[in-house]
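Accompanying notes for the structure given below.
What you see is a predicted model, and the numbers here were worked out from it, not measured in a lab. Below, each value reflects all heavy atoms present in this structure, side chains not excepted, and no hydrogens, waters or symmetry copies.
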Amino acid sequence: MGKIKLLLFDLDGTLLRSDKTISPGTLTALRECREKGILIGVSTSRGEQNALSFIEELQPDVLIASGGALVKYRGEYIYKAEFSAEETRQMIAAARSVCGAECEITIDTTDAHYWNYKVDPRKQDQSWGDSIYTDFADFGESSLKMCVEIFDDTQAAQLQTLLAECDCIRFSDGYWYKFTQKAVTKERAIMEFCAVSGIQTAQIAAFGDDYADIGMLELCGMGIAMGNAIDAVKEKADLVIGGNDEDGIVAYLKACFKFYGQINKKKETYNLYPC
């Protein structure tokens, strides 16, 4: 494997432990990687606004948010794939027509995360950021992503048919479905980043655990599945490491640098092999 210039991490189920925190050991390991000249990136289905606490903690060089609809590099937006305000209204109407007027919906915009949950999500997950409650009755903003909670597979298939111009992926830990613009995925976002940065996909090691991560693990030079990942992700990965609650990322990075990393502070990149 060639030299790695970017470590790219999914958040939930990967970089985050089950309690939605990043372990001190992981933070230390990533800081040491950055000191060695390796960029640190986040690639999440969360919107930027409801991942802010982790972004502030990590200060990533690269941020892919809203399932690939937004890319930020060194603090500057380099890619956005938005639905217009009218398209967003039509998507919300379609979700309610199929799943019922009371179905739970979230919308990511560049500046905010909106929800209509029956229970305030911040009471369940303190990391969720400053989400804004709305009934979506007269929503008038352009959006990056819509998520809908759908318990009936038939309804899910019907909504996907109605929103055929959207990319749709289900999250494995519940009944939520993500809708972004067609072909807007984490792997597409990586290609947008590569076009601007000059870094090649072969120089990226990507870490993930869920369906939305499969494409980026297949695209990157090293695709690494967490021990807690779903089987579909493990089957596509180049390597499976320890779980997110076991400091699997820390153990992997330490092993790579110990056995294969040719430590030289003058070098900007290091070989990270499948240890």
Considering only heavy atoms from C-beta outward, does the side chain of D12 approach that of D173 to under 4.5 Å?
no

D210 side chain to A212 main-chain N or O, any donor-acceptor pair under 3.5 Å?
no

Could you check whether any side-chain heavy atom of H113 comes within less than 4.5 Å of a side-chain heavy atom of T106, counting everything from C-beta outward?
yes

Measuring only between side-chain heavy atoms, which start at C-beta, is E187 closer than 4.5 Å to T201?
no

If only side-chain N and O atoms count, and only distance matters, is there a donor-acceptor pair under 3.5 Å linking D167 with T185?
no

Heavy-atom side-chain contact between T21 and L16 under 4.5 Å:
no

Side chain to side chain contact (heavy atoms under 4.5 Å, CB included) against N244, all qualifying residues, sequence neighbours excluded
S18, M226, N228

Which residues satisfy the salt bridge (Lys or Arg N to Asp or Glu O under 4.0 Å) test with K186, sequence neighbours excluded?
D10, D213

Output yes when a side-chain donor or acceptor of E165 lies under 3.5 Å from a complementary backbone atom of K182, and no otherwise.
no

Between D245 and R17, is there a donor-acceptor pair closer than 3.5 Å when you use the side chain of the first and the backbone of the second?
no

Can you confirm whether L8 sits close enough to F207 that some side-chain heavy atom of one is under 4.5 Å from a side-chain heavy atom of the other?
no

Does a side-chain heavy-atom distance below 4.5 Å link K72 with E48?
yes

Once you round to the nearest 0.5 Å, how far does CG of D153 lie from CZ of R170?
6.5 Å

How close do I4 and A202 get, counting heavy atoms only, and between which atoms?
CD1-O, 4.0 Å

About how many Å separate CG of L15 and CG of L58, when rounded to the nearest 0.5 Å?
5.5 Å

Report the distance from atom OG of S197 to atom CD1 of I78, rounding to the nearest 0.5 Å.
7.0 Å

When every non-hydrogen atom of C103 is compared with those of V148, the smallest separation belongs to SG-CG1, 4.4 Å

Remaining members of hydrophobic cluster (4.5 Å side-chain criterion), Y175
F151

Output yes when a side-chain donor or acceptor of K145 lies under 3.5 Å from a complementary backbone atom of A69, and no otherwise.
no

Return the minimal non-hydrogen interatomic distance between G68 and A189, and the atom names on each side.
O-CB, 3.6 Å

Using distance alone, with no hydrogens and no angle criterion, decide if D247 and S23 have a side-chain donor and acceptor under 3.5 Å apart.
yes

Tell me whether R34 contacts the main-chain N or O of I38 through its side chain, where contact means a donor paired with an acceptor under 3.5 Å.
no

Residue D138 excluded, over 12 heavy atoms near CG under 6.0 Å:
no

Counting only N and O atoms by type, is there a donor-acceptor contact under 3.5 Å from the side chain of Q49 to the main-chain atoms of T110?
yes

In plain terms, say whether R188 and E192 are close enough for a salt bridge, that is, a side-chain N and a carboxylate O under 4.0 Å apart.
yes

Among all residues two or more places apart in sequence or in another chain, which pass the side chain to side chain contact (heavy atoms under 4.5 Å, CB included) test with C220?
I190, I204, A206

Any I105 side-chain heavy atom under 4.5 Å of W115 side chain:
no

Tell me the side-chain hydrogen bond (donor to acceptor under 3.5 Å, both in side chains) pairs involving residues 87-104, sequence neighbours left out?
S84-E87, E86-R89, E86-Q90, T88-S143

Go through the structure and list residues passing ring-ring contact (aromatic ring centres under 6.0 Å, His included) with Y177, not counting sequence neighbours.
none

Interatomic spacing from OG in S53 to CD1 in I22 - rounded to 0.5 Å
8.0 Å

Heavy atoms of M146 and A95 approach each other most closely as CE-CB, 4.3 Å

Quick one: ring-ring contact (aromatic ring centres under 6.0 Å, His included) partners of Y114, sequence neighbours excluded?
F139

Apply side-chain hydrogen bond (donor to acceptor under 3.5 Å, both in side chains) to Q160 and list each qualifying residue two or more places apart in sequence or on a separate chain.
none

Within a reach of under 6.0 Å around NZ of K80, are more than 12 heavy atoms found that belong to other residues, nucleotides or ligands?
yes

Side-chain touch I64/T44, heavy atoms, less than 4.5 angstrom
no

Quick one, V42 with I55, criterion side-chain contact (heavy atoms from CB on, under 4.5 Å). Give me CA distance, side-chain angles, the key distance, then yes/no.
CA-CA 8 Å; V42 166; I55 294 169; 5.8 Å; no

Side chain Q59, main chain E56, donor-acceptor under 3.5 Å:
yes

Looking at M216 and S43, what are the two nearest heavy atoms and their distance?
SD-OG, 3.6 Å

Can you name the closest pair of heavy atoms from K178 and V184 and give their distance?
NZ-O, 3.6 Å

For A232, side chain to side chain contact (heavy atoms under 4.5 Å, CB included) partners two or more places apart:
Y211, I214, I230

For residues 12-43, pull every pair meeting ring-ring contact (aromatic ring centres under 6.0 Å, His included), keeping only residues two or more places apart or in separate chains.
none

Can F179 and C147 be said to form a side-chain contact (heavy atoms from CB on, under 4.5 Å), step by step?
CA-CA 6 Å; F179 295 87; C147 286; over 6 Å; no

Residue pairs meeting ring-ring contact (aromatic ring centres under 6.0 Å, His included), one or both in residues 59-93, sequence neighbours left out, come to Y73-F193

Evaluate side-chain contact (heavy atoms from CB on, under 4.5 Å) for K5 paired with L39, printing each intermediate quantity in order.
CA-CA 6 Å; K5 294 186 176 181; L39 300 182; 5.7 Å; no

For Q203 and Q200, indicate whether the former's side chain and the latter's backbone hold a donor-acceptor pair under 3.5 Å.
yes

Starting at CE of M91, measure out to CG of L162 and round the result to the nearest 0.5 Å.
11.5 Å

Under a 3.5 Å cutoff, is there a donor and acceptor pairing between the side chains of D111 and T109?
no

Apply side-chain contact (heavy atoms from CB on, under 4.5 Å) to residues L217 and I224 and explain how you reach the verdict.
CA-CA 7 Å; L217 266 58; I224 301 165; 5.8 Å; no

What is the distance from atom CG of L253 to atom CG of L30, rounded to the nearest 0.5 Å?
6.5 Å

Using the side chain to side chain contact (heavy atoms under 4.5 Å, CB included) criterion, which residues pair with A229? Sequence neighbours excluded.
D209, A225, V233, K234

